[in-house]
Amino acid sequence: MRGQRALAALYNGRWLTKWENSDAPDAVKFAIAEAALVEAKTPGTLSAVDPGKVLTTAGKLSWTITKATANTVTGKLPDVIGGLLADLVAPRGANVPLVRF
């Protein structure tokens, strides 16, 4: 969930096209999976603000101390995520009209 939220925070205002959640391009789905993997390996890495600890188990509450250093919305997105989404998003700061299909 945290990985998907980080991608939404970074890219939701920059998509070049619009789609319903279930119709998202495969590249977006793969990027969400990559972000989830990053978060599973190092909880809190993609958090907008490093909370110092992240809930990692809900049954018997378990917290993991984070070491994220947020320099934008996230600590550092893996290059593979940027590569997957490169053709689907406008550059940061660009004002691109949304194309609807």
Side-chain angles (χ1 to χ4, degrees):
M1 182 72 84
R2 289 184 302 263
Q4 184 174 359
R5 286 182 184 155
L7 293 182
L10 276 174
Y11 295 111
N12 273 359
R14 298 171 45 202
W15 298 118
L16 296 174
T17 60
K18 182 171 176 62
W19 58 83
E20 296 300 319
N21 289 340
S22 60
D23 296 331
D26 285 342
V28 173
K29 295 173 185 175
F30 296 149
I32 291 169
E34 288 289 335
L37 180 62
V38 168
E39 275 293 316
K41 289 171 104 175
T42 313
T45 300
L46 301 180
S47 296
V49 175
D50 183 8
K53 65 181 181 176
V54 176
L55 181 65
T56 53
T57 307
K60 284 190 167 194
L61 291 182
S62 173
W63 297 85
T64 300
I65 303 301
T66 62
K67 296 178 181 130
T69 52
N71 58 6
T72 58
V73 170
T74 63
K76 169 77 169 100
L77 278 180
D79 292 337
V80 69
I81 292 175
L84 284 166
L85 301 178
D87 293 336
L88 299 171
V89 296
R92 247 182 241 272
N95 196 0
V96 178
L98 185 65
V99 177
R100 296 178 191 266
F101 291 102

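Only heavy atoms go into these numbers, but all of them, side chains included; no hydrogens, no water, no symmetry mates.
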(request) Check whether L37 and I32 end up in the same hydrophobic cluster, where Ile, Leu, Val, Met, Phe, Trp and Tyr are linked by side-chain heavy atoms less than 4.5 Å apart. (result) no
(request) Identify, with sequence neighbours excluded, every residue that meets side-chain contact (heavy atoms from CB on, under 4.5 Å) alongside D87. (result) none
(message) So which atom in A27 and which in L88 form the shortest heavy-atom distance, rounded to 0.1 Å?
(response) CB-CD1, 3.9 Å
(request) Tell me, please, which residues at least two apart from A35 pass side-chain contact (heavy atoms from CB on, under 4.5 Å). (result) L7, L46, I81
(message) Run the side chain to side chain contact (heavy atoms under 4.5 Å, CB included) test on V80 and F30 for me, step by step, so that the C-alpha distance in whole Å, both residues' side-chain angles and the decisive distance to 0.1 Å come before the verdict.
(response) CA-CA 10 Å; V80 69; F30 296 149; over 6 Å; no
(request) Would you give the length of the straight line joining atom CZ of R5 to atom CD of E39, rounded to the nearest 0.5 angstrom? (result) 10.5 Å
(request) Before giving the answer on side chain to side chain contact (heavy atoms under 4.5 Å, CB included), spell out for W15 and L85 the whole-Å C-alpha distance, their side-chain angles and the decisive distance to 0.1 Å. (result) CA-CA 9 Å; W15 298 118; L85 301 178; 4.1 Å; yes
